[in-house]
> 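Can you keep this structure in mind? I'll have questions shortly.
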Amino acid sequence: MACPHLHDSQIAARHRRRCLPPAVTPPAVTPLTITPPLIMLATVTLLALAGCTPPAESSASPQGRGGTTVPIPAAAPTGLPGQASIEAPFDPATPTWNRYHTHAQTIAILESYHARYPQLTRLDTIGSSIHGHPLVVMEITNRETGPAAEKPAIYLDGGIHAQELTASEVVLYTMDHLLTGHGTDPRVTELLDTRAFYLHPKVNPAGSDLVLREDQWMRSTPRPVDENGDGIPDSDPPMDLDGDGRILQMRIPDPDGNRVADADDPRIMRPRTEDDTGPFYRVEREGIDGNGDGRIASDGIGGSDMNRNFPYNWAPLYRQPGSYNFPLSEPETWALANFVNDHPNITQIIHGHTSGGFIYRLPSASNPATFDTVDLALIEDLGAWYTEDTGRPVIPSATDPVDHRYGTFISFAYFASGIVGWVPEYWPGPASWVPDATGDGRITEADWHRANDERFGGAYFTDWTPFDHPQLGPVEIGGWHTKYWSQNPPYELLEEELRTQLPWILEMAARSPLVTVSEPRFEVLDDTRVAVEVTVTNTGWLATHLTRRGAEGNVQPDGEVRDPVVPAPLAVLEVGGGRPESGNGRIRFGHLAGSNPHTNSVSEQSRTLRWIVVRSGDADGAATGNASAPRDLHVHITISTAKGGTVRTEGRLQPPE
């Protein structure tokens, strides 16, 4: 079975990689006509395992399954409107925010900032993408005030959906703001001294690179998926037919078409009405009918939706499109779930997407009628801050008992770990800034064109240009560059959108629980026994269990809660010059409320802990005959909380004169 999506020699090389099983590292892309025999055999074997055979050794022009020849265009121009080529030189130490960065550029930026701020950063590779790209997370905190694992943390990511490029830039912009602000910006300094940030800019690096480098239309990873039912994964992806470096739209003459060119501006393809006399068109994505099913570009690259691939309330494809074959089937989602599990200090998750200019909140992959009402009030309160700051709404992800998303990341984090999660859909689109030139209260496509022409010199629209389509005959190719107009901001407007998100991100980090502990207090009970007390206080907004979900566990008949979602705080007493009178000095105590008004699982923000310590005799007592002389007593106490941080205190009690 030949791979039907091998449309030209360059795409053949790309798809040779895409046909490989996901566990196999893609081989070097070498034309088969010059591949040495052993490498040739290995390549053919891998393709056969994937259900594909390599392309013919020489093919002057690509063909669809029906044998239609598609002319190979001349070398495409580099770059996209408003932006230099993604291959243009740039300085990773001083990135600019009027471009979207590839995975390699993103890694270069992370490594440059890590080298510049080694005391504040750490880079961890948490896994690999389906094509072997490293999945890199930057940890940011001031390690002089304690390690990240001992501080409440916020997790921020972007790019799980390939075309949603803005979210990755929000992560990088936040990184830059935190690192350049520490020591000069009081709010940033306080946050990095007391909290930690985990920044994951490229959740789906393979997908986003295909969007950036090839202008592909895709939401998913490049894992091949059969989306049109022909039994051949990725059999009919969109194509850049005219070689301009973009995959746009085709305006196809069709007497039954539902579109006509607007009389005032023929660039606009408005809906057909009964009064129109033609000519009529239909508008399709740029490409061919690559598998002979009568449809253009009916099976794009990939198809699995990673934000439907998480374990909580996962559903199969018939219920949830894109969920793929089983939960955490993708290496990227597996790595992400493990990261959350391995970092119990995460208090909130900001899971970046575009577009729409709003935030999805919990509940997500669940029946909203069954969602805890106390947690709902808490989440609504947190979300209100975003609306007050930006004017943008915060809305529930799930609104129907059944017809809702399944297997989402924020639902997994909430139900598995009690974490509050958010899905910001960055960038409200052209309606947020394009002027209403006619004053009719609507932002129309005519307004779009006027703004694009006047502000950007028409860069984000390609005029309809005649093209001889190999299957359809004369068509015109052109249209809006929607990836950089409506789905993501035009390059010139990107930084403004990034800046808009910063105050809310910092505020959410500041809303974590934050535990403090007093100095030890001593009370001498008799000649050898001393009481030791400390007071533990949660000075933060969230409770140490974050949500009521975090407090849930196996309730015993005596009221004890075993195996709670968020473990209860633990106090550990270490004694020099004595020993605990009973036990091992370890006290597991109840969660502490935060300052928010929505947590009724616990009510106390402070708790006093008490131990009885028996002092040891003088180490020289045997020689002096005064064996009962008490020694100097030194105590060291560690308070460990999963979400509110780890704090320590110590004190010394001198023996009596």
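Along the sequence shown, residues carry numbers from 1. Not measured: the values here are computed from a predicted model. Side chains are part of it too, since the values below use all heavy atoms of this structure and drop only hydrogens, waters and symmetry mates.
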> So does Glu496 have more than 12 non-hydrogen atoms from other groups sitting under 6.0 Å from CD?
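Result for CD/Glu496: open.
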> Identify which one of Trp97, Tyr484, Trp485 satisfies the ring-ring contact (aromatic ring centres under 6.0 Å, His included) criterion when paired with Tyr491.
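Only one of Trp97, Tyr484, Trp485 forms a ring-ring contact (aromatic ring centres under 6.0 Å, His included) with Tyr491, namely Tyr484.
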> Check whether the side chains of Asn309 and Ser329 place a donor and an acceptor atom closer than 3.5 Å, and report yes or no.
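Judged by distance alone, the side chains do pair up.
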> Roughly how far, to the nearest 0.5 Å, is CD1 of Ile477 from CZ of Arg246?
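Between Arg246 CZ and Ile477 CD1, I get 12.5 Å after rounding to 0.5 Å.
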> Are the side chain of Arg308 and the backbone of Gly322 linked by a donor-acceptor contact shorter than 3.5 Å?
no
> Counting N and O atoms only, with roles assigned by atom type, does the side chain of Thr273 sit under 3.5 Å from a partner on the main chain of Pro271, one being a donor and the other an acceptor?
no
> Check the pair Ser366 / Asn313 against side chain to side chain donor-acceptor pair (under 3.5 Å), numbers first and verdict last.
CA-CA 7 Å; Ser366 61; Asn313 208 14; over 6 Å; no
> I would like to know whether Trp422 and Ile379 meet side-chain contact (heavy atoms from CB on, under 4.5 Å); could you show each step before the answer?
CA-CA 9 Å; Trp422 310 93; Ile379 291 165; 3.8 Å; yes
> Could you pull out all residues at least two apart from Glu497 that satisfy salt bridge (Lys or Arg N to Asp or Glu O under 4.0 Å)?
Arg392
> Taking the side chain from Asp299 and the backbone from Asp236, do they hold a donor-acceptor pair closer than 3.5 Å?
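Looks like no, no N/O pair under 3.5 Å.
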> Should the pair Asp447-Arg450 be classified as a salt bridge under the 4.0 Å nitrogen-to-oxygen rule?
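Counted as a salt bridge, because a side-chain N and a carboxylate O are separated by less than 4.0 Å.
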> Has His469 got a side-chain atom pairing as donor or acceptor with Gly287's backbone, closer than 3.5 angstrom?
yes
> Between Trp480 and Trp448, is the side-chain contact (heavy atoms from CB on, under 4.5 Å) condition met? List the steps.
CA-CA 10 Å; Trp480 287 100; Trp448 285 17; 3.6 Å; yes
> Are Asp230 and Arg295 close enough for a salt bridge, meaning some N to O gap below 4.0 Å?
no
> Determine, for Arg405 against Asp305, whether the closest basic-nitrogen to carboxylate-oxygen distance falls under 4.0 angstrom.
no
